[in-house]
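This report concerns only the one structure given below.
Residue numbers begin at 1 in each chain, while the letters A, B, ... track the order of the sequences. Computed from a predicted model, the values in this text were never measured in an experiment.
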Number of protein chains: 2
Amino acid sequence: MTLSLPPQATQVGLAVDVAAFAIHEGCLHALLIERATLPHLQTWALPGGFVHVGEELHEAALRELRDETSIELEPRHLEQFYTFGAIGRDPRGRIVSVAHLAVLPHGTVHVMGGATTLHADWFPAHAPPPLAFDHAVILGRAIKRLQLRLEYANLALEFLPETFTLPELQGVHEAILDKALDKRNFRKRLLAQGILTPSGERRSGVGRPAQLYRRAKGARTGLL
Amino acid sequence: MTLSLPPQATQVGLAVDVAAFAIHEGCLHALLIERATLPHLQTWALPGGFVHVGEELHEAALRELRDETSIELEPRHLEQFYTFGAIGRDPRGRIVSVAHLAVLPHGTVHVMGGATTLHADWFPAHAPPPLAFDHAVILGRAIKRLQLRLEYANLALEFLPETFTLPELQGVHEAILDKALDKRNFRKRLLAQGILTPSGERRSGVGRPAQLYRRAKGARTGLL
DNA sequence: GCAAAAGTGTTATTAATACACCCATGG
DNA sequence: CCATGGGTGTATTAATAACACTTTTGC
């Protein structure tokens, strides 16, 4: 059933873009693709593209992420965070992009170009290469939202495997905030929240073995 | 210049909706309109409508607010806060709405229907009438965002005239948070922020006159 | 002088910060 | 035994929350 739309209603291109993050070697990385099409051919950009007919916004974000980067794992967190619709942002015409923030778990490394991309790769999120369209702005806002979510939700857990050590968790926080934290205060704060439960023990290659933790079963998920 | 769009790109209706707030009689009110068109004829809804060709999102929000409610004053704060794009949300087809939060200053009272509306009126924001589409959800999220902005920005000032008393400012906070606050703690906190400067004095009809304040000139605006 | 609203301080509790040493393991 | 990274406690400061009486005005 389709009722009529008013005459002056704008038909616009509806797109999604995805700022997908992961931690690699203790550093926050963003997943970027090198464009295989005009405009901005051979420029790095956020994964993204047009929403299909009958497709929800978050489905489109997941599909673009999968198809353009060939990653194998699903994001552990996906959240819309702002909609970019300024008139001149895309030379092809009026294209409105609903920007999403995605968190990929530890171990998500293999990415390669998809059908519509030349390459896909990880870049330091705090120092990305030049980006197409307004994607540098989008990425900057995604990082800010991610930092906010560290306080409100426990989004850092989504970057890690099911069990993890406190130094690992602290490393995630530090990578996202881009600054060092005090070890004792960090542990105090996190343990006081009651969202972690200890499990077994494990050795890292060198030094004293660290206690392993997992998410406490009562703890809410990172999704807000 | 217009490059070609990919074939499967969805053309969707792009709309804006506006949750506009003001304080009346110490209570947070939202501005609603009664629809004069199908669907949801004669149902109350948020002001909103389709974005025009060549019109920025925030311009569309301001225009719809003006045209549908005939208010005379400009909002003191306008902020996009979420985009609603679920497939079934509008029976006319795929319509994506970029929802905005607006703050109207004190004294904004005269509203009446516009061309595409039967009536416009203020309703208690915490207890609205049944609303069209998914507007009840949108309004709820707008209120939550407004409460957040009380802490981060000093958005409460946007509800008041240029000069105001501390009890008035406290009343704004209480109306938005929907709970009572301690007078002394509130004053201590607000004055410690250093965003207020005293000016003259004034009498209310009854009781001891209250000190008038204005925004300190160094204080950042409510816009984030 | 009384009703009505504005104004004012102190204490207790909790959260945030700064800071330095010992411990467990592998080689 | 030594290098490496994990783990722990305390003191200070800042922020938050609870709480009741006095002051100024209009009538």
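- The distance from atom CZ of B/Phe186 to atom C1' of C/dG9 is 18 Å, rounded to the nearest whole Å.
- The distance from atom CG of B/Leu196 to atom C1' of C/dA6 is 16 Å, rounded to the nearest whole Å.
- Closest to the B/Pro209 side chain, of the nucleotides D/dT25, C/dG7, C/dA4, is D/dT25.
- Side-chain proximity of B/Ala210 to the nucleotides C/dA6, C/dT25, D/dG6 is greatest for C/dA6.
- At a threshold of 4.0 angstrom between heavy atoms, the contacts of B/Arg184 include nucleobase atoms, whether or not backbone atoms are also involved.
- Distance, B/Glu201 CD to C/dA5 C1': 13 Å, rounded to whole Å.
- Checking the phosphate oxygens (OP1, OP2) of C/dG7, a side-chain nitrogen or oxygen of B/Arg187 falls inside 4.0 Å.
- Regarding B/Arg203, its CZ atom lies at a distance of 14 Å from the C1' atom of C/dA5, rounded to whole Å.
- Aromatic ring centroids of B/His173 and B/Phe186 lie under 6.0 Å apart.
- Here D/dG6 presents its P atom at 15 Å from CG of A/Leu181, a figure rounded to the nearest Å.
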Would A/Tyr213 and A/Thr163 satisfy side-chain contact (heavy atoms from CB on, under 4.5 Å), going step by step from the backbone distance to the final call? CA-CA 5 Å; A/Tyr213 291 85; A/Thr163 61; over 6 Å; no
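- Nearest nucleotide to the B/Lys183 side chain, out of C/dG7, D/dG7, C/dA5: C/dG7.
- Between the P atom of D/dC21 and the CG atom of B/Asp182 lies a distance of 15 Å, rounded to the nearest Å.
- Closest to the A/Lys188 side chain, of the nucleotides C/dA24, C/dA18, C/dG7, is C/dA18.
- You'll find the ring centres of B/His40 and B/Phe133 inside the 6.0 Å limit.
- Atoms CZ (A/Arg202) and C1' (D/dT4) sit 16 Å apart, rounded to a whole Å.
- Atom-to-atom, CG of B/Leu191 to P of D/dT16 comes out at 14 Å; the value is rounded to the nearest Å.
- Between B/Arg145 and B/Glu79 a salt bridge is recorded (basic side-chain N to carboxylate O distance below 4.0 Å).
- Of the candidates C/dT17, D/dG6, C/dA16, the closest approach to any side-chain atom of A/Asn185 belongs to C/dT17.
- Put simply, A/Arg189 has no side-chain N or O that comes within less than 4.0 Å of OP1 or OP2 on C/dA15.
- Here the shortest heavy-atom pairing between B/His126 and B/Leu28 reads NE2-CD2, 3.9 Å.
- You'll find that the side chain of B/Arg208 is closest to D/dT24, out of D/dC19, D/dG7, D/dT24.
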